[in-house]
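For the single chain, residues carry numbers from 1 onward in sequence order. Since this is a predicted model, take the numbers as computed values, not measurements. First listed ligand is number 1; within each ligand, the first listed atom is number 1.
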Amino acid sequence: MTSAPAAAPSAIRTIALGGNPNCGKTTLFNALTGLRQKVANYPGITVDKKTGRCTLPDGHVINVLDLPGTYSLVANSPDEQVAMEVLRGLRPDTPAPDVIVAVVDASNLARNLYLVSQLIELRRPMVVALNMSDIANRRGQPVDAVALARELGVPVIPVVGHRGDGVDALKSALTQATVPALPTWLLPEAIATAITTVGNALPALPHAERERFARRLLAQETAADLAAARADPAVAAALANAAADPATVMQADIEARYHWIDAIVARVVQPGAFKPGTTLTDRVDAVLVHPVLGLGVFGLIMATLFVTLFLVADPLMGMCEAAVSWLGELVTGSMDGGTLKSLLADGVFAGVGGVVVFVPQIALLFLFLAILEDSGYLARAAFLMDRLLSKVGLHGRSFIPMLSSFACAIPGIMATRTIESRNERLATILVAPFMSCSARLPVYGLLIGAFFGAAMFAGTPYEPYIWLIQGGIMLACYVLGILAAVVTAYGCKLFLGKGAVTPFILELPTYKLPQPGEVVRQMWSNTAKFLTKAGTIIFCLSIVLWAMAYFPRLPNEKILEVTNRHNTTPVVIPADATPERETEIRNARASEIDSAVAGAQLEYSISGRIGHVIEPVIAPLGSDWKIGGGLIAALAAREVFVSNLSVVYSVGNVEDDQTPLDEAIRADTYDNGKPVWTPMVAVSLLVWFVLAMQCISTTAIVRRETGGWSWPLFQLVYMNVVAYGAALITFQVGSRIFGG
Ligand SMILES: Nc1nc2c(ncn2[C@@H]2O[C@H](COP(=O)(O)OP(=O)(O)OP(=O)(O)O)[C@@H](O)[C@H]2O)c(=O)[nH]1
Ligand SMILES: [Mg+2]
C-alpha cells in the first residue's frame, strides 16, 4: 500500500488523541503530558477536550489534545460532537490536529478499527497507538503491530498506557506519521451509483473527496462541514435524483467497513487459545449483572460504604478534632481575650476547623468511589440501573452523572454530555443535585453524630450498634435524595415527554485491578478540592460570619440590664456550706450571668438580627434563630452551615476551653430551659439539606449546560420549595409522634 510522506517534525504543533470510549486515551494523555486528568474504567469519563504539552525526543514542544471517546465520527451526544469536530478540524477554538493519534484497544481490535476506518478518511497524518496490548497478550490474542502498520500504511506502536510502556516510541513515531491510504469500500451497486451521481454534483471538491462527501450527504450526516454542499441546489437536486434511503446507505457503509476490518483482523491477529465466555470477567459478571443477585450485591456494596464511613472515619475524625483544637490552643492560648483572639479562635479555627474535621469521611467516600470506578464495577451498576432508570424517564447513561454527583453535582452535570436525547439529558441535569454531594457530608456527620451517637445511646441496649444506626441514617439521607430524583425525573417524563428513545448501549469493560496510584491520586485530588475550598471560601466566609456574630458589641447599659435581670435574687449560701462549696455556688451564679450576656450579645449582633427576621419562616421546622442564620449562610455553600454554627457557638460560649460543636448544640437551651436542638430538629434539618439547592456554583453550571437562566432558576425554586415542604412535614408530624 502506498502512503504519503511523513510530516516534517517542525510542522507538528498539535496532536489529538482520538479513539473509542474507555480505550485509554486519557491514560496516554497523562503519560505524554505528565498531567493528571481523570481516568476510570468506564466509557464516557472524558466529556470535553483537554489540552496539555509534551516534549518530543528532539526537544520540540507540542500541544496534545485529549478528547471524549467516540465510536464513530457521526456524533450523537454533545461529548461525541466535541471529539468529532476537533478531529475534523471544524472548531474555531481549536486548530485542526497536525497528527491524529488513533488510540486503539488491542483487546477489542475489530470494533476499534471501525473508528479508524473513518479517521483514515480525514486525510491527516496518523499514528496508531495500540493500547491495552498487555490484555491482548494475556488473552493469548496478541496483535501483530508490524502487520497492522503494513495494512494501514501508518506507524503502529504497541503501548501499555498505565505503565507508560511504549510512550517514548510513540513520541518518536509522531514525526513518522503518514496520511494513510484510502481503502476502497465494497458497496452494493445501487448505492455506488447514487454516490457517483451526487459526487458529480460536487465539482469543486478534489476528485478523491467527492465520493466520501457524497456518501455522507446520502447518509444525511449533520456535521457542519457538509452544510455548504447541502445548501447547493445542484447537490440537492442530485440527492433527490439519487433517491437512496439514508438508512440503507448508512447500513451499506457500515457493512463495507466491517468487511475491510474483518480482512485486516484475520491478517494481524493470530487466532489463539482464547475462548470467549470463559474469562474471569464473564464469570464474575454472571453474578454482578444478574437481575436479582446483581442488585443484592449493589445494595450490599452501598450499605458497606455508609457503615464504613462511620466505623472507620470516626476515630480518624476524633484525631482531626484533637489536632484542630491543639493547633487553636497553640495559636490563641497565650493571647489575652479581646477581638483578635475571638477572631482567630471563634472565627478562623472554629469555622474552618469545624469543616476540616470531616475530611476523613470525605476521603473515605472518594476512596470507595475511586476503587469502584477503576475496577470497572460502575459500568455494571449502570447496566443494572438502566431498567429502573428508564422507567422514570432517565437513561442508563444517567447513572454515571448521578453517581458522580455524590461527590459533587458539577462534574455530574458535565457528565450528562454523554446523553444523546435532550430531554433525558435535561431531566438528569435537573435531578443530579438531589444526590447527596460531599459538601452535605459535614452537615450529615454533625447532625447524625450529635443526635444519634454515643451521647444518645450510651448505656442503652443500642450502644453496640451505634455505627449501624448512624450508617443507616446516613444511607437514608442518600436514599431520600435518590427518591426525590426519581419522582422528579418521572415528573419530567410526564411534562417534557420522553423525546427520542435512544437505546442504552454500554460496553462492559474488562475488570481491572484498581491501580493503587490512580486510586490514591483520585482520592487525594478530590479531598484536596474540599480542603482548598475550606482554606479559601470557607475561611473567608468564616471571618465574615464571625464579624456578623461579634458586631455590633452590646452597649454597656444592656450588659448591665442583663446582669441585673439574672441577679434579682440574692445568692443563697446554706449556713453549713464549706468555703469551697460557697465559691462553687458563687461561681455558678457568675457563669449563669456570663452566658446570659454572651447570649444577649449574640442576639444583638448582625447575625442574631438576621436570624430573628427569618425566625417566623423556620420556627415551624423546629429551628431557632441561630440555626436560621446557619441556613442562610449555607445558601452560599452547604458546609458553611457547620462553620456558622461553630462560629456562633464559639462566640456565644463564655468558657475558654473549646467545647466540641456537637456537645455545644446538645447543651443549648431556650430561656425556659427546653433544649433548642432535639433529634426531631436534627431530622428535619437533614431533610432540608438532602433536598435543598444551596450551591451557587451548581446553578452557574446548569445555566451554562442548558444555555439559559430558566432551567437553573426553575431548579432552584423547585428544590427549595420541595425541601421546605418536606422538612416542615417531617418536623410537624415527627414531633407530634415522637415529641419535640
Ligand atoms: N490493562 C490496561 N489498562 C489500561 C491501559 N490503558 C488504560 N488502562 C485502563 O483503562 C481504563 C480506561 O482508561 P481511560 O484513560 O480513562 O480511557 P479513555 O479512553 O480516556 O476513556 P473515555 O474518556 O471514557 O473515553 C482505566 O481504568 C485505565 O487504568 C493499558 O494499556 N492496559
Ligand atoms: Mg478519557
min-distance protein heavy atom vs atom 8 (N) of ligand 1 -> Met132 CE, 3.7 Å
Checking heavy atoms under 4.0 Å, the part of Lys512 that sits near ligand 1 is side chain
Exercise for the section: Apply salt bridge (Lys or Arg N to Asp or Glu O under 4.0 Å) to the pair Arg216 and Asp225, showing each step before the final yes or no. Expected result: CA-CA 10 Å; Arg216 292 175 59 207; Asp225 55 338; 3.1 Å; yes
Walk me through it: do Arg380 and Tyr511 pass the test side chain to side chain donor-acceptor pair (under 3.5 Å)? CA-CA 10 Å; Arg380 276 70 189 180; Tyr511 285 108; 3.2 Å; yes
* **Geometric class of the Tyr478/Phe306 ring pair [parallel <30°, tilted 30-60°, perpendicular >60°]** => tilted
Starting from the C-alpha separation in whole Å, work towards a yes-or-no answer on salt bridge (Lys or Arg N to Asp or Glu O under 4.0 Å) for Glu121 and Arg257. CA-CA 12 Å; Glu121 294 184 326; Arg257 286 170 201 272; 3.1 Å; yes
Could Asp253 and Arg215 be called an ion pair, given the rule that one side-chain N must be under 4.0 Å from one carboxylate O? yes
Closest to atom 14 (P) of ligand 1 among protein heavy atoms sits Thr27 OG1, 3.5 Å
At under 4.0 Å between heavy atoms, what of Ala40 touches ligand 1? The answer is backbone
shortest atom 12 (C) of ligand 1-to-protein heavy-atom contact is with Asn22 OD1, 3.0 Å
Short version for Thr46: what comes under 4.0 Å of ligand 1, heavy atoms counted, is both
protein heavy-atom neighbour closest to atom 19 (O) of ligand 1 works out as Lys25 NZ, 2.7 Å
### Metal site the Mg ion (ligand 2): N/O/S of Gln37 inside 2.8 Å
no
If you measure from each heavy atom of Tyr42 to ligand 1, is any distance below 4.0 Å?
yes
In this structure, atom 29 (O) of ligand 1 is nearest to the protein heavy atom Val39 CG1, 3.9 Å
Distance col, row Ile301:CD1 vs Phe368:CZ, nearest 0.5 angstrom, shows 8.0 Å
Would you please determine whether Gly44 falls within less than 4.0 Å of ligand 1 on a heavy-atom basis?
yes
- Is the Mg ion (ligand 2) less than 2.8 Å from at least one N/O/S atom of Thr26? yes
Going by the 4.0 angstrom heavy-atom rule, the piece of Asp134 near ligand 1 is side chain
The protein heavy atom nearest to atom 2 (C) of ligand 1 is His162 CE1, 3.1 Å
